[in-house]
Amino acid sequence: MKRRDFLRSVGAVSASLALSKPDHLLADGTPSDNWRTFEVKTRVEVLNAAGATRVWLPAGVLSETAFQKTLSNDFSAEGGKAQIVRNRADGLGIVSAEFPTGAKPVLTLTTRVATRDYAVDLTSSGTVPKADRAELAHYLRPTKLLPTSGIVKDTATEITRTAKTDIEKARAIYEWIVDNTFRDPKTRGCGVGDIRFMLESRDLGGKCADLNALYVGLARAAGLPARDAYGVRIASSKLGYKSLGTSSENISKAQHCRAEVYIGTHGWVPVDPADVRKVVLEEPPGNRPLGDDMVKRARARLFGSWEMNWMAYNFAHDVELPGSAGAPIGFFMYPQAETADGRLDSLDPDNFRYEITSRETTA
């Protein structure tokens, strides 16, 4: 994309803002009372262990959100020892296991979680209590892959230059992401989330950890607290989207990152521009135009609501794995392991050998 066209598209989105009531999951903008309960099991086996081996799993520990309650985390590291390490600020739970030389490194984790569909009606006046100031500051900070200065700040300023309210700013960034990015099927896993590189290179393709990270970084640069929510799809979609759910109980490759933005009058608002782009690319018959009815429905729905056939792990960036000899990771959504030979490829579940399964335990 040429810079002239890049900036022209920014202005076009900002100038055409119109806040309408989206096609929410719930008409009144409140959480559903219909909690669904799931059992999510993760089993990791390190095949070619060398020396002492460490394994880390993301554990669902969120219990204070409107869309999810963690009921339990049970884990076992036969032949080794394991503990759960928490970071409350990022809703982060890490099951950290260590196996001595000669042991067969196998770690299992069973998480029971309750979820419910969630929507926020941004056309209402909104009267939610203001969040803690320190919490909001935490979700305005730059991180290694989400800087808020330079080209990120310049782009955010241009996108939101005609927006008069925080809702309009949040919406402008969302619409710009949908209009200017694309889902790249060649991207490994969920992507890296290096937003400065994306903007400087004008390569705005990727997957959810790229596109939704771009939303979060631009929102923070525009002065809006925002956060990535790293998790995994745990059930099929009941809303008619084959691409936005699972097709079997095996969810080993179903990781998905979402995003939230904080609006003072409405609290944390769910968004997911990356899934709009997933509908464009993958919803049968594939390569749908933005003007397609199914795409338009997804675009309206995913600014302000989530279908909770998905479980959140955490909101963390620049994650230090306890006891690791390696560098921090940009985000924690996949099982990780490390032997004396170094860190294993977390995107290779067959050779690393991990399996994640999910089943609904109540209707």
Side-chain angles (χ1 to χ4, degrees), residues 37-64 68-115 189-190 229-232 234 249-255 311-359 361:
T37 303
F38 296 89
E39 183 178 83
V40 180
K41 293 184 177 181
T42 304
R43 183 184 186 276
V44 173
E45 179 179 355
V46 179
L47 298 180
N48 298 309
T53 300
R54 294 182 182 273
V55 180
W56 301 273
L57 298 180
V61 298
L62 299 183
S63 59
E64 298 178 1
Q68 180 172 314
K69 296 186 293 188
T70 299
L71 305 178
S72 64
N73 282 292
D74 298 311
F75 49 87
S76 172
E78 186 174 349
K81 57 182 180 180
Q83 62 178 331
I84 189 164
V85 180
R86 301 171 187 260
N87 180 333
R88 184 176 177 83
D90 288 307
L92 176 64
I94 302 175
V95 175
S96 177
E98 181 178 0
F99 300 87
T101 301
K104 180 180 179 181
V106 177
L107 176 63
T108 60
L109 166 65
T110 300
T111 298
R112 292 185 62 250
V113 63
T115 71
C190 290
Y230 295 100
V232 63
I234 54 178
E249 289 190 352
N250 188 323
I251 59 170
S252 302
K253 298 181 180 181
Q255 289 83 1
M311 178 182 77
Y313 286 132
N314 60 72
F315 309 118
H317 287 272
D318 300 340
V319 179
E320 295 186 6
L321 299 173
S324 172
I329 55 178
F331 54 84
F332 191 32
M333 189 163 56
Y334 295 91
Q336 301 282 340
E338 199 169 84
T339 73
D341 293 332
R343 191 168 292 170
L344 303 183
D345 184 353
S346 63
L347 300 181
D348 189 3
D350 294 328
N351 291 313
F352 182 172
R353 188 168 289 180
Y354 64 79
E355 182 180 77
I356 310 172
T357 60
S358 171
R359 68 182 184 92
T361 56

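Only heavy atoms go into these numbers, but all of them, side chains included; no hydrogens, no water, no symmetry mates. We're numbering straight along the sequence, starting at 1. The structure presented is a predicted model; accordingly, all values stated were derived computationally and were not measured.
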For this session: Please name the pair of heavy atoms, one in A59 and one in I84, separated by the smallest distance, quoted to 0.1 Å.
Result: CB-CD1, 3.9 Å
Exercise. Got R343 and L321 here, is their nearest side-chain heavy-atom distance under 4.5 Å?
Worked result: yes
For this session: For residues V319 and L92, determine if any side-chain heavy atom of one lies less than 4.5 Å from a side-chain heavy atom of the other.
Result: yes
Problem set entry | Heavy-atom pair of closest approach, residues G60 and Y313 | N-CD2, 4.0 Å
For this session: Would you mind reporting whether C190 and M333 have side-chain heavy atoms less than 4.5 Å apart?
Result: yes
For this session: Could you check if a side-chain atom of D90 sits within less than 4.5 angstrom of a side-chain atom of N314, using non-hydrogen atoms only?
Result: no
For this session: Check G91 against V61 and note the closest heavy-atom contact, atom names and distance.
Result: O-CG2, 3.3 Å
Exercise. OH of Y334 to CG of D345: how many Å apart, nearest 0.5 Å?
Worked result: 10.5 Å
Problem set entry | Heavy-atom pair of closest approach, residues A77 and A82 | CB-CB, 3.9 Å
For this session: Taking atom types as modelled, find out whether E338 and S324 have a side-chain donor-acceptor pair closer than 3.5 angstrom.
Result: yes
Exercise. Using 4.0 Å as the upper bound for N to carboxylate O, is an ion pair formed by E98 and R54?
Worked result: yes
Problem set entry | Point-to-point distance, once rounded to the nearest 0.5 Å, from CZ of R359 to CD of E39 | 4.5 Å
Problem set entry | Residues R43, E355: salt bridge by 4.0 Å N-O rule | no
Problem set entry | Spacing of I94 atom CD1 and R86 atom CZ [to the nearest 0.5 Å] | 11.5 Å
For this session: State, yes or no, whether a side-chain contact exists between V55 and V95 at a heavy-atom distance under 4.5 Å.
Result: no
Exercise. Within the side chain of S252, is there an N or O that forms a donor-acceptor pair under 3.5 Å with the backbone of I356?
Worked result: yes
Problem set entry | Pairwise side-chain contact, M311 with V40, heavy-atom cut-off 4.5 Å (strictly under) | yes
Problem set entry | Check: F331 ring centroid to Y230 ring centroid under 6.0 Å | yes
Exercise. Got a second to check how far T357's OG1 is from F38's CZ, nearest 0.5 Å?
Worked result: 13.0 Å
For this session: State, yes or no, whether a side-chain contact exists between V113 and L71 at a heavy-atom distance under 4.5 Å.
Result: no
Exercise. Can you tell me how far the CG atom of L107 sits from the CD atom of E45, to the nearest 0.5 Å?
Worked result: 11.5 Å
Problem set entry | Distance in Å, S358 OG paired with N250 CG, rounded so as to fall on 0.5 Å steps | 10.5 Å
Exercise. Would T37 and R112 satisfy side-chain contact (heavy atoms from CB on, under 4.5 Å), going step by step from the backbone distance to the final call?
Worked result: CA-CA 7 Å; T37 303; R112 292 185 62 250; 3.8 Å; yes
Exercise. Under the ring pair (Phe, Tyr, Trp, His ring centres under 6.0 Å) test, which residues partner Y354, sequence neighbours left out?
Worked result: F352
For this session: Over all heavy atoms of both residues, which pair between T339 and A50 is shortest? Give the atoms and the distance, please.
Result: CB-O, 3.6 Å
Problem set entry | Within residues 69-85 or reaching into it, pairs that qualify as side-chain hydrogen bond (donor to acceptor under 3.5 Å, both in side chains) - sequence neighbours excluded | N73-T111
Exercise. Got T110 and F75 here, is their nearest side-chain heavy-atom distance under 4.5 Å?
Worked result: no
Exercise. Counting only N and O atoms by type, is there a donor-acceptor contact under 3.5 Å from the side chain of W56 to the main-chain atoms of A97?
Worked result: no
Exercise. Do other residues, nucleotides or ligands put more than 12 heavy atoms under 6.0 Å from the CG atom of N48?
Worked result: no
